[in-house]
K.L.:
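Dropping the structure in here first, questions after.
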Amino acid sequence: MTSDQLTNNCQLSTVNQQPMTNDQLERLESLKAGTIAAATLALAFVVTTFVNNFLLTPSLFSFSSLFTGAIAVVCGFLFGVTYRYTIREDSNIQLKAGAVMAFGCVRGLTQIEMALQSSQTVLPAIATAGESIVWFTLAAIALSLSIRLGWVKTFSSN
């Protein structure tokens, strides 16, 4: 295929594209919000893992840490999408804090429950629960900043 034919094909495909619908635009904004929150949780995970594993209790990096990091990223993405829909165009601080606490407590309380069931010391699990709340707070701050800067649009309830 010559470059002229390739250019003509690209122009035809561009001409045939339809503008994005409102639903598609909303999905794109949710994807952006989820990506920002996932990146924030990934960064928070790396920092807290470094502090926990190398400074507080020196240990080797393990496969389980990598798996835990992947779970944190998925949780961050889900938080970002949900947070965007939860806050909409509202400036209610309790609504924002409630979303953070819901995600942070679910993640943290699950770890406390696992420690209790396995007869492990609960104190590290309580620290991890607090860590989870901090992670989601950081993600909410990153999303609020992104919204303020115009990188992500709030969900309009229209």
K.L.:
Could you check if a side-chain atom of R84 sits within less than 4.5 angstrom of a side-chain atom of V152, using non-hydrogen atoms only?
P.N.:
yes
K.L.:
Quick check: does any side chain N or O of Q24 sit under 3.5 Å from a backbone N or O of T21, one acting as donor and the other as acceptor?
P.N.:
yes
K.L.:
Which heavy atom of G104 sits nearest to which heavy atom of S132, and what is that distance?
P.N.:
O-CB, 3.7 Å
K.L.:
I'd like to know whether Y85 forms a side chain to side chain contact (heavy atoms under 4.5 Å, CB included) with S30, so could you lay out the CA-CA distance, the side-chain angles of the two residues, the decisive distance to 0.1 Å, and finally the verdict.
P.N.:
CA-CA 8 Å; Y85 283 102; S30 293; 3.1 Å; yes
K.L.:
Which heavy atom in L143 sits nearest to a heavy atom in Y83, and how many Å separate them?
P.N.:
CD1-CD2, 3.7 Å
K.L.:
Do the ring planes of F136 and F103 sit parallel (below 30°), tilted (30 to 60°) or perpendicular (above 60°)?
P.N.:
tilted
K.L.:
Could you go through the side chain to side chain contact (heavy atoms under 4.5 Å, CB included) check for F155 and I87 one step at a time?
P.N.:
CA-CA 8 Å; F155 180 73; I87 64 166; over 6 Å; no
K.L.:
I'd like to know whether M114 forms a side chain to side chain contact (heavy atoms under 4.5 Å, CB included) with T110, so could you lay out the CA-CA distance, the side-chain angles of the two residues, the decisive distance to 0.1 Å, and finally the verdict.
P.N.:
CA-CA 6 Å; M114 289 174 53; T110 301; 4.3 Å; yes
K.L.:
Provide the closest heavy-atom pair for K153 versus E29 in the form atom of the first, atom of the second, distance.
P.N.:
N-OE1, 2.7 Å
K.L.:
Linking Ile, Leu, Val, Met, Phe, Trp and Tyr through side-chain heavy atoms less than 4.5 Å apart, which residues share a cluster with V134?
P.N.:
L138
K.L.:
Only pairs under 3.5 Å count here: list side-chain donor-acceptor contacts from residues 34-47, not counting sequence neighbours, and write none if there are none.
P.N.:
unit_1	atom_1	unit_2	atom_2	d
T35	OG1	L31	O	2.7
T40	OG1	I36	O	2.8

K.L.:
Give the minimum heavy-atom separation between T86 and L95, together with the two atoms involved.
P.N.:
O-CD2, 3.3 Å
K.L.:
Backbone N or O of W151 within a donor-acceptor pair of the K32 side chain at under 3.5 Å?
P.N.:
yes
K.L.:
How many angstroms lie between atom CG of D23 and atom CZ of R27, to the nearest 0.5 angstrom?
P.N.:
5.0 Å
K.L.:
Under 3.5 Å, side chain of Q111 to main-chain N/O of A125, donor-acceptor pair present?
P.N.:
no
K.L.:
If I take atom OG1 from residue T82 and atom CZ from residue F77, how far apart are they, to the nearest 0.5 angstrom?
P.N.:
9.5 Å
K.L.:
Before accepting this row, confirm whether a basic side-chain N of the pair E131/R107 lies closer than 4.0 Å to the acidic partner's carboxylate O.
P.N.:
no
K.L.:
Does L116 share a hydrophobic cluster with L109, counting links as ILVMFWY side-chain heavy atoms below 4.5 Å and allowing steps through other members?
P.N.:
yes
